[in-house]
There are 2 protein chains.
Amino acid sequence: MDTTQLLKGVLDLAVLAVLDRSDSYGYDVVRRLREAGLEDVGDASVYGTLRRLFKAGALNSYVVPSEEGPHRKYYGLNDSGRTMLARSAKTWGTFAQTMNDMLDDVEKR
Amino acid sequence: MDTTQLLKGVLDLAVLAVLDRSDSYGYDVVRRLREAGLEDVGDASVYGTLRRLFKAGALNSYVVPSEEGPHRKYYGLNDSGRTMLARSAKTWGTFAQTMNDMLDDVEKR
DNA sequence: ACACAGTACTACGCAATGCGCAGTACCGCG
DNA sequence: CGCGGTACTGCGCATTGCGTAGTACTGTGT
């Protein structure tokens, strides 16, 4: 099975969780997600997700120049984003639990 | 957040898990998934998934006439399907764990 | 006899989303 | 001065879940 399909709908949540720790920019979010265990996440997916979340009003954004490369477009959670994170985390939790229950039944043989 | 997107890539696994219990047909698989907690699953998605899994060689299929309605197209796991189930379940497990770890960090504040 | 609900499946097209790839651009190093 | 690392944008594709319509069979109520 491909982790690609598993990411669908969960990448939003993962990105929100990363940003909840501290404001960050695309390139760094990718790095943090990979370190956290989502090794196969594509950079284009993350940039796309950030843009989508921003457009949806969950993030604020500001540009910071960098001495070690091009400028960085930082993103941070606003109130709407924090609400979304809480709600998504809860939805994920119940969903994951449901799946685990189904699979427990399978393993029990 | 919509459970629709969460289902992506997991519906295969859920259907395989249901079929691992016993052979079944589309209409019944939908019922079982809903009872298990996936209440929002669409019937077209399940029928589509069954056809896809069959086409991929994970299922065998046979038609059984019914006295209480139209015929039923039963599906059952074959060896390839059981292998797929085992592998997918493992992938899901690691993935879910990764996500839960990330969210634990968030809750811990 | 006939409409209707429940059962069971197929087919068509849409929407969301992750990804590959190309392109732009800035930096420091050999 | 090219090259690798940093950082972002945009385009188009593939997968997959879903809504809707259509077909078809059975039993029930009127």
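We use all heavy atoms of the structure for the numbers below, so side chains are in, but hydrogens, waters and symmetry mates are not. Naming: A, B, ... by sequence-line order, numbering from 1 per chain.
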Atom pair NZ (A/K8) and CG (A/L6), whose distance is rounded to the nearest 0.5 Å: 11.5 Å
Return the OG1 to CG distance between A/T83 and A/L77, rounded to the nearest 0.5 Å. 10.0 Å
Please round to 10 degrees the angle between the axis of the first five pairs and the axis of the last five pairs in the helix from C/dA1-D/dT30 to C/dG30-D/dC1. 10°
Interatomic spacing from CH2 in A/W92 to CD in A/Q97 - rounded to 0.5 Å: 11.0 Å
Quick one: does any side-chain atom of B/T94 pair with a main-chain N or O of B/K90 as donor and acceptor, under 3.5 Å? yes
Are A/V18 and A/Y47 linked, directly or through intermediate hydrophobic residues, by side-chain heavy-atom contacts shorter than 4.5 Å (ILVMFWY only)? no
Could you give me the CA-CA distance, side-chain angles and deciding distance for B/D12 and B/S88, then say whether side chain to side chain contact (heavy atoms under 4.5 Å, CB included) is met? CA-CA 9 Å; B/D12 279 31; B/S88 296; over 6 Å; no
Applying a strict under-4.5 Å side-chain criterion to I, L, V, M, F, W and Y, I'd like to know whether A/Y25 and A/V15 cluster together. no
Within residues 22-30 of chain B, those residues having any heavy atom closer than 4.0 Å to DNA chain D are none
Which is it for A/R32 and A/S22 under the side chain to side chain donor-acceptor pair (under 3.5 Å) test, yes or no, and what are the steps along the way? CA-CA 11 Å; A/R32 290 213 235 162; A/S22 70; 2.9 Å; yes
Rounded to whole Å, how long is the line connecting atom OH of B/Y47 with atom P of C/dT7? 11 Å
Looking only at heavy atoms, which two atoms of B/T98 and A/G37 are closest? And how far apart? CG2-CA, 3.9 Å
Transitively linked via ILVMFWY side-chain contacts under 4.5 Å: A/L85 with A/L19? yes
Donor-acceptor pair, side chain of A/R72 and main chain of A/P65, under 3.5 angstrom: no
Just by modelled atom types, is the B/A96 backbone N or O under 3.5 Å from a matching donor or acceptor in the B/N100 side chain? yes
Going hydrophobic residue to hydrophobic residue with side-chain gaps under 4.5 angstrom, can you get from B/L13 over to B/M84? yes
Quiz: residues 54-63 of chain A side-chain donor-acceptor pairs under 3.5 angstrom, not counting sequence neighbours:
unit_1: A/N60; atom_1: OD1; unit_2: A/G76; atom_2: N; d: 3.3
unit_1: A/S61; atom_1: OG; unit_2: A/Y74; atom_2: O; d: 3.3
unit_1: A/Y62; atom_1: OH; unit_2: A/D23; atom_2: OD2; d: 2.5

Would you tabulate the pairs of protein nitrogen or oxygen atoms and nucleotide nitrogen or oxygen atoms of nucleotides 17-23 of chain C closer than 3.5 angstrom?
unit_1: C/dT17; atom_1: O2; unit_2: A/K8; atom_2: NZ; d: 2.3
unit_1: C/dG18; atom_1: OP1; unit_2: A/L7; atom_2: O; d: 3.4
unit_1: C/dG18; atom_1: OP1; unit_2: A/G9; atom_2: N; d: 3.2
unit_1: C/dG18; atom_1: OP2; unit_2: A/T49; atom_2: OG1; d: 3.4
unit_1: C/dG18; atom_1: OP2; unit_2: A/R52; atom_2: NH2; d: 2.9
unit_1: C/dC19; atom_1: OP1; unit_2: A/D40; atom_2: O; d: 3.4
unit_1: C/dC19; atom_1: OP2; unit_2: A/G42; atom_2: N; d: 3.0
unit_1: C/dC19; atom_1: OP2; unit_2: A/S45; atom_2: OG; d: 2.2
unit_1: C/dC19; atom_1: O5'; unit_2: A/S45; atom_2: OG; d: 3.2

Cationic N near anionic O, under 4.0 Å, B/R34 to B/D40: no
Can you give me the N/O atom pairs linking the protein to nucleotides 26-28 of chain C at distances under 3.5 Å, or say none if there are none?
unit_1: C/dC27; atom_1: O3'; unit_2: A/E67; atom_2: O; d: 3.4

Under 4.0 Å between a side-chain N/O of B/R51 and OP1 or OP2 of C/dT10, yes or no? yes
For DNA chain D, note the earliest and the latest nucleotide, 5' to 3', having some atom under 4.0 Å of a heavy atom belonging to chain B. D/dT16 to D/dG27
